[in-house]
Amino acid sequence: MSERELPGPSQEMIAAVIDLWRLKPPGPPNLFADRNFLRLRDCCASLHPYTRALGFNSALATALRALGLPCSLSKDSKGLPSRPEDAAGALHSAFLQTHSKKLHLIPMDLADRLPPLTFGRARLGRFTPNQIRELFNEEQLRRTYPTHKLDADLFAEFQWLVVEETVEFEQDKGARVLPDLLIDFSQDLGRIEPHEARHSGAIEAVLFFLLLSPWEEWAAMLELDWRGFQVPWVHTIDSDIFVRRATPPSPDSLNWTIATFPDGFGGEIEEDVPLVRNLEDQAETDLSKLDQPYWEIVERARKSVLFETPIVHFFTRAFFADGIDEFLAHMIVIDAALGLHADYDQSRRVSPDRHKGIGATKRLRHRVGGLLGNRTFGDQFDRLFNIRSAFLHGRPMGAISSKDRVDTRSLARRVVCALIEATTTGSFLSREEYLDDLLDAGLQLP
């Protein structure tokens, strides 16, 4: 049976919603004890197995507020309540959904003028205040938080990265509304997942794609930072009405500065404007190359054997890291891209070992040179690896210069981009075979 043919809400559910919609603001002192709410809860028993479980009332109330429960709205919420019949239909459909759609809104803080981009399920650009209101689903936001004011005019001053994601629900009906009920408390809840992403996989994939560009070559104030933008937060809007949405952060959480403009009468006026990290003009031209065809190339590369190690994880992690952690993350990117377990464990090497006597670090050095086609890059890796070793082993060392910091980022990016290119031009049976050939190529460089 198709979704269009699925039965709608029962007459009992519609009647219960209608009675709830008749409640006057501010509503009953305890909505959970209201007879109309309890009647609606019981109507949901055929759609969810745990209507009497702890937490179900809260999930149901969250859904009702998202649908425009009139008694929860403020006096100036004209037009926000939905028709109770429509609300009942939406509530019924929500129980039957198999997936939700998430919209991740990411402010490009400190970004200079960037070209509009569209790739995969992401788009980057500027939006008008009305478009901002639509993206943030202001109507639902006001239903959930009647006193909250969305500063769309201020948010429209910034560029935004918008990422769409589809998430499948757990198959168990109970997980649909109350996922905490299915937590296995026998597991080690304090365990560390070694490659857990900071954000969802969809966001990580988009940021990885953007970070492949040479931001360090475009930065006008490289001694300050190579990054052309920051991601201070991500605001996610979930189509699942049982998920209570968060309020958007304030525009004050982004970076602003004061600019002066002539007032037309010989004086000046001051205005708050977004603070930017200036980029070279070439950035706007080169970023336009981040299109759908290149996105598809990168996505195919990520599925290849050359990316079976956590390259993407550490590459995006370096973007969010500060200080020595950023430096180390970029060094780990190179190791994850070009290193093998067999480099350190001779018993794992394919026999016969054509490179007997060459240590793990030198193997990495020659692979870097072989991959990038120049021994200079291998020498650069060796120099940066020595800085890394001095830090880890407590040897005397000074501060890591901004040049070394940028060189590490640049070398890691070059290695990653070259691996992506290799997946489009070469054929290899395994990652081990490919890296062994790179080692040969690096040893033969003049």
*Asks:* Inspect the contact between Asp42 and Arg52 and indicate whether a charged nitrogen and a carboxylate oxygen are less than 4.0 angstrom apart.
*Replies:* yes

*Asks:* Here's one to test your reading of the geometry: is the NZ or CZ of Arg198 within 45 degrees of the ring axis of Phe320 and under 6.0 Å from its centre?
*Replies:* yes

*Asks:* How about Phe319 and Phe208: are their ring centres within less than 6.0 Å of each other?
*Replies:* no

*Asks:* Which heavy atom of Phe119 sits nearest to which heavy atom of Leu290, and what is that distance?
*Replies:* CD2-O, 3.8 Å

*Asks:* Are Glu299 and Lys303 close enough for a salt bridge, meaning some N to O gap below 4.0 Å?
*Replies:* no

*Asks:* Side-chain contact test, heavy atoms from C-beta onward, threshold under 4.5 Å: evaluate it for Arg300 versus Thr423 and give yes or no.
*Replies:* no

*Asks:* If the plane angle is over 60° it's perpendicular, under 30° parallel, otherwise tilted; pick one for Phe242 and Phe95.
*Replies:* tilted

*Asks:* Which pairs pass ring-ring contact (aromatic ring centres under 6.0 Å, His included) with one or both residues in residues 400-419, sequence neighbours excluded?
*Replies:* none

*Asks:* How close do Gly370 and Leu445 get, heavy atom to heavy atom, and via which atoms?
*Replies:* N-CD1, 3.9 Å

*Asks:* Just do the ring-ring contact (aromatic ring centres under 6.0 Å, His included) check on Phe56 and Phe32 with the steps written out, would you?
*Replies:* CA-CA 10 Å; Phe56 183 86; Phe32 297 168; over 10 Å; no

*Asks:* Taking all non-hydrogen atoms of both residues, which atom of Thr257 and which atom of Pro274 are closest, and how far apart?
*Replies:* CG2-O, 4.3 Å

*Asks:* Under a 4.5 Å cut-off applied to non-hydrogen side-chain atoms, are Lys102 and Ser239 in contact?
*Replies:* no

*Asks:* Flag the pair Asp151 / Lys149 as yes when at least one side-chain heavy-atom distance between them is below 4.5 Å, and no otherwise.
*Replies:* yes

*Asks:* Look at Arg365 together with Asp379 and state whether they make a salt bridge at an N to O cut-off of under 4.0 Å.
*Replies:* yes

*Asks:* Using the ring of each side chain (for Trp, its six-membered ring), is Trp295 parallel, tilted or perpendicular to Phe209, with breaks at 30° and 60°?
*Replies:* perpendicular

*Asks:* With the threshold set at 4.0 Å, does a side-chain nitrogen-carboxylate oxygen contact exist between Asp407 and Lys403?
*Replies:* yes

*Asks:* Are any of the side-chain nitrogens in Glu216 or Arg413 under 4.0 Å away from the carboxylate oxygens of its partner?
*Replies:* yes

*Asks:* Any idea how Phe385 and Phe381 line up, ring-wise: parallel (<30°), tilted (30 to 60°), or perpendicular (>60°)?
*Replies:* tilted

*Asks:* Between Glu217 and Arg414, is there a salt bridge with N-O shorter than 4.0 Å?
*Replies:* yes

*Asks:* Any salt bridge linking Glu164 with Arg121? Criterion: basic side-chain nitrogen under 4.0 Å from a carboxylate oxygen.
*Replies:* yes

*Asks:* Evaluate Glu193 against Arg191 for salt bridge (charged side-chain N to carboxylate O under 4.0 Å, His left out), listing each step before the verdict.
*Replies:* CA-CA 7 Å; Glu193 297 294 344; Arg191 68 187 185 277; 2.9 Å; yes

*Asks:* Would you call Arg367 and Asp343 a salt bridge, taking side-chain N to carboxylate O under 4.0 Å as the test?
*Replies:* yes

*Asks:* Does Asp225 pair with Arg405 as a salt bridge, N-O distance under 4.0 Å?
*Replies:* yes

*Asks:* Side chains of His235 and Thr247, heavy atoms from C-beta outward: is any pair under 4.5 Å?
*Replies:* no

